[in-house]
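Input: a single structure, listed below in structure tokens.
Sequence lines set the chain letters: A, B, ... in the order given, protein chains first and strands last, and positions in each chain run from 1.
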Number of protein chains: 2
Amino acid sequence: MATIRDVARHAGVSISTVSLALNGTGPVSEETRARVEAAVAAVRYSPNLMAQNLKRGQSKLIGMVLGDAGNPFFGRLFGTIDRQLSGSEHMLIVANLDSHPDRELRTLNLLKRHRVAGIIMTPLRNDPEFAAYLNEIDVPVVLVDQDVDGAYLDFVTSDHHRGTEMLTEYLVRLGHRRIAYIGGQESMWVAKRRLEGFRAAMAEANLQVEPEFEVAADYSAELAYEHVIRLMSAPERPTAILAANNYMAIGALQAVNDLGFRCPDDVSIAGIDVVPWSSIVMPRITTVEQPIEELARVASLWMMERVRGEAVPEGERRRHIAEPKLVIGHSCAPPPK
Amino acid sequence: MATIRDVARHAGVSISTVSLALNGTGPVSEETRARVEAAVAAVRYSPNLMAQNLKRGQSKLIGMVLGDAGNPFFGRLFGTIDRQLSGSEHMLIVANLDSHPDRELRTLNLLKRHRVAGIIMTPLRNDPEFAAYLNEIDVPVVLVDQDVDGAYLDFVTSDHHRGTEMLTEYLVRLGHRRIAYIGGQESMWVAKRRLEGFRAAMAEANLQVEPEFEVAADYSAELAYEHVIRLMSAPERPTAILAANNYMAIGALQAVNDLGFRCPDDVSIAGIDVVPWSSIVMPRITTVEQPIEELARVASLWMMERVRGEAVPEGERRRHIAEPKLVIGHSCAPPPK
DNA sequence: CTTTAGTATCAAACCGTTTCGATATGACCC
DNA sequence: GGGTCATATCGAAACGGTTTGATACTAAAG
């Protein structure tokens, strides 16, 4: 690979002149500039960003940590952020946690060793030890989707509480009283918020939540499937099922179908998050969608502000809470008589 | 950020000793090693990979170029490759082409400036100019999924020709004669192979392909939808539709539904690639699946061999062609009488 | 007691850049 | 002719590491 020295030799100037000419930082005669550019083309020079970064003390790399690359939510998040960054020389180092919270620390440490300029992450862990770690990290971090309690970091999410609340209100308006809720692990920030939204709406409607109607399925379609099989086989079954993410909604629908029930005639199902191909899933599931593009836009904007060291209220954490959108499909109907 | 100098000062040794101790490359007394390690912890030292890479002349970064991060195929490909790499210090710089072939060169150049150790990519372009560029690139490249004609690079894919062939054979066995094919842009390597597989199977069965039954929909669900609307509205309509990717199969199914036809009673539909949530799409679409895990495993293995400079047949391109798998759903049936 | 050999440590050179301070050149003015 | 000022160029010092060759010390061998 050609270095700046090769260019200098080829153009008959010193390496400092090459640097000045190429970066436009300093007076260079028109003639020299032309000679340098010719030399660059001749020896096929492309500046070594690692060396530039080392010298400048800042890198053009942004770390991105995804909870689960398989989930289309993260694919779209990455795609949109990547698009925002194109135009700058920044690129994304992407790491996948594969839903393993224990990989989180190792991944962050590795990103730090790579001296990324910043980190955009959808955290999995939410414990004081992790919060302490994040508060002592010395690169800008923007959290997306999920918060870490006690961490003083920019945070972009959608109103998860409001999301389940909207769905529950919708089901209640349809006349449902016996609504089952399939949630995630309550240790997760998002799962907790969603559960709270459900409970708030139920309380608001003066409805009792039966304990066995509130189950945790860990965001997995398989677990949700089993829970729904059990719920729907009991004598006192729910008339509506609210699943706290897209995977679990699919699992619930499958279980309902397999038991011979029809949705929405026998039981209503509602989910959260975009179900890819939702237009073709029969019946189309009623969901609350997160505005992924908005989340991505704000996250990358805030990140670049931090990276460029622009005037940002020092030490102050910013939050952006986007409004989710109720998308009514065909999976919900009034409860059977 | 603490540097190796801080560690040296804190431990009361020279920086070279710290380096030798930390990398285990050279004799260091047990006592010194302990002091160095204590100092590392005390000043929170984490080695600057950019500096290490610069000095060692090799980087721990692998570039990954995706055709379209929104498509779950790429999400799973990335996830699996990332998993293969975990354990080494290597990380992936991921770039998304967003289906724009014209971003390809810029992206590759940027990756080169970052001095990645290698590039795993699913190319979009397939023209001589691009092949020439790739042949002169000076980092190891492994192509995945799609080939670039005339490029001497490792290439991992699945047998796209065989895939459509299998699906066509299956439809023919069911008794179909009038089969429509919805393909992608023929300039794309994969699209061409898939079309050829279809034609080969049709020829083998001594079946004529009517020109208007062979359409290109550019891998988009919307275009496929329109084409199918047109095809199914004509007096002489096909009894089966073979769509050359997952998006288009969904579009076709939607069109068939919207026209009031039933699948598979009135018309059979077959697709290619995993349809996420395929288990819930009604009817479950018969597809040919690519073994993504296998592709990812071979691609990352070959990449790491090149990166480590292991004995690889010099200048020789390797190819791995994985066998696709026919997954029979409920979207195909014998043609109506 | 001098060699020899091995062990532990260090100083200095280097990787490919940027940047600062110095130098050379010419133009301009008094 | 001497001083001032831009303008163009360059040498050298960093950035944070690794690696090589030299050095000092100790112990064993002759």
Side-chain angles (χ1 to χ4, degrees), chain A residues 1-37 39-40 43-61 89 109-117 138-139, chain B residues 1-37 39-40 43-61 89 109-117 138-139:
Chain A
M1 273 255 161
T3 75
I4 200 174
R5 259 164 263 274
D6 300 319
V7 178
R9 196 175 319 124
H10 198 277
V13 295
S14 75
I15 62 170
S16 14
T17 304
V18 175
S19 178
L20 296 180
L22 256 34
N23 296 314
T25 158
V28 175
S29 74
E30 212 29 73
E31 190 231 332
T32 313
R33 184 184 312 278
R35 278 227 312 286
V36 167
E37 266 156 23
V40 164
V43 304
R44 303 224 183 146
Y45 172 67
S46 95
N48 184 330
L49 266 173
M50 293 192 319
Q52 289 187 320
N53 293 342
L54 178 60
K55 180 62 203 183
R56 291 181 174 144
Q58 47 118 321
S59 98
K60 297 281 189 190
L61 254 20
E89 285 167 337
N109 281 328
L110 199 45
L111 283 174
K112 280 176 64 176
R113 290 188 47 194
H114 276 286
R115 293 295 188 271
V116 290
D138 35 13
V139 315
Chain B
M1 274 254 159
T3 76
I4 199 172
R5 263 160 259 273
D6 299 321
V7 178
R9 197 174 320 123
H10 198 278
V13 295
S14 75
I15 61 170
S16 14
T17 303
V18 175
S19 177
L20 295 179
L22 256 34
N23 296 313
T25 157
V28 175
S29 74
E30 211 31 72
E31 190 231 331
T32 312
R33 183 183 313 277
R35 278 228 312 288
V36 167
E37 265 155 23
V40 164
V43 304
R44 301 221 186 150
Y45 172 65
S46 93
N48 184 330
L49 267 173
M50 292 192 322
Q52 290 185 319
N53 293 341
L54 179 59
K55 179 61 201 182
R56 290 182 173 144
Q58 47 118 320
S59 98
K60 298 281 190 190
L61 253 19
E89 285 168 338
N109 281 329
L110 199 45
L111 283 174
K112 280 176 64 175
R113 290 189 46 194
H114 276 285
R115 294 294 188 271
V116 292
D138 35 14
V139 316

What nucleotide among [options] has an atom nearest to a side-chain atom of [X]?
X       : options                : result
A:Gln52 : C:dT17, D:dT9, D:dT18  : C:dT17
A:Leu54 : D:dA8, D:dC15, D:dT18  : D:dC15
A:Ser19 : C:dG16, D:dA8, C:dT19  : C:dT19
A:Thr3  : D:dT19, C:dG16, D:dG16 : C:dG16

At 4.0 Å (heavy atoms only), tell me whether A:Asn23 reaches a base, stays on the sugar-phosphate, or touches nothing. sugar-phosphate

Looking at every strand, decide which applies to A:Ser29 at a 4.0 Å heavy-atom threshold: base, sugar-phosphate, or nothing. sugar-phosphate

Do [X] and [Y] come close enough that some side-chain heavy atom pair is under 4.5 Å?
X        : Y        : answer
A:Lys60  : A:Asn53  : yes
A:Arg35  : A:Val13  : yes
B:Lys112 : B:Asp138 : yes

For [X] and [N], is the shortest distance between a side-chain N/O and OP1 or OP2 below 4.0 Å?
X       : N      : answer
B:Thr32 : C:dT9  : yes
A:Thr17 : D:dC10 : yes
B:Tyr45 : D:dG16 : no

Could you state the atom-to-atom distance from [atom1] of [X] to [atom2] of [N] in whole Å?
X        : N      : atom1 : atom2 : result
B:Asn48  : D:dT18 : CG    : C1'   : 13 Å
B:Ile15  : D:dT18 : CD1   : P     : 9 Å
A:Lys60  : C:dT17 : NZ    : P     : 15 Å
B:His114 : C:dT17 : NE2   : P     : 14 Å
B:Arg56  : D:dT18 : CZ    : C1'   : 7 Å
B:Lys55  : C:dA12 : NZ    : P     : 16 Å
B:Leu20  : D:dT19 : CG    : P     : 9 Å
B:Arg9   : C:dC10 : CZ    : P     : 14 Å

Assess whether one donor atom and one acceptor atom, taken from the side chain of A:Ser14 and the base of D:dG11, lie less than 3.5 Å apart. no

Is there a donor on the side chain of B:Arg5 or the base of D:dG17 sitting less than 3.5 Å from an acceptor on the other? yes

Verdict with reasoning, A:Arg33 to A:Glu37, per salt bridge (Lys or Arg N to Asp or Glu O under 4.0 Å): CA-CA 6 Å; A:Arg33 184 184 312 278; A:Glu37 266 156 23; 5.4 Å; no

Starting at the 5' end of DNA chain C, which residue's closest nucleotide do you reach first, A:Ser16 or B:Ala51? B:Ala51

Quick one: do B:Ser46 and A:Asn109 satisfy side-chain contact (heavy atoms from CB on, under 4.5 Å)? Show the steps, please. CA-CA 8 Å; B:Ser46 93; A:Asn109 281 328; over 6 Å; no

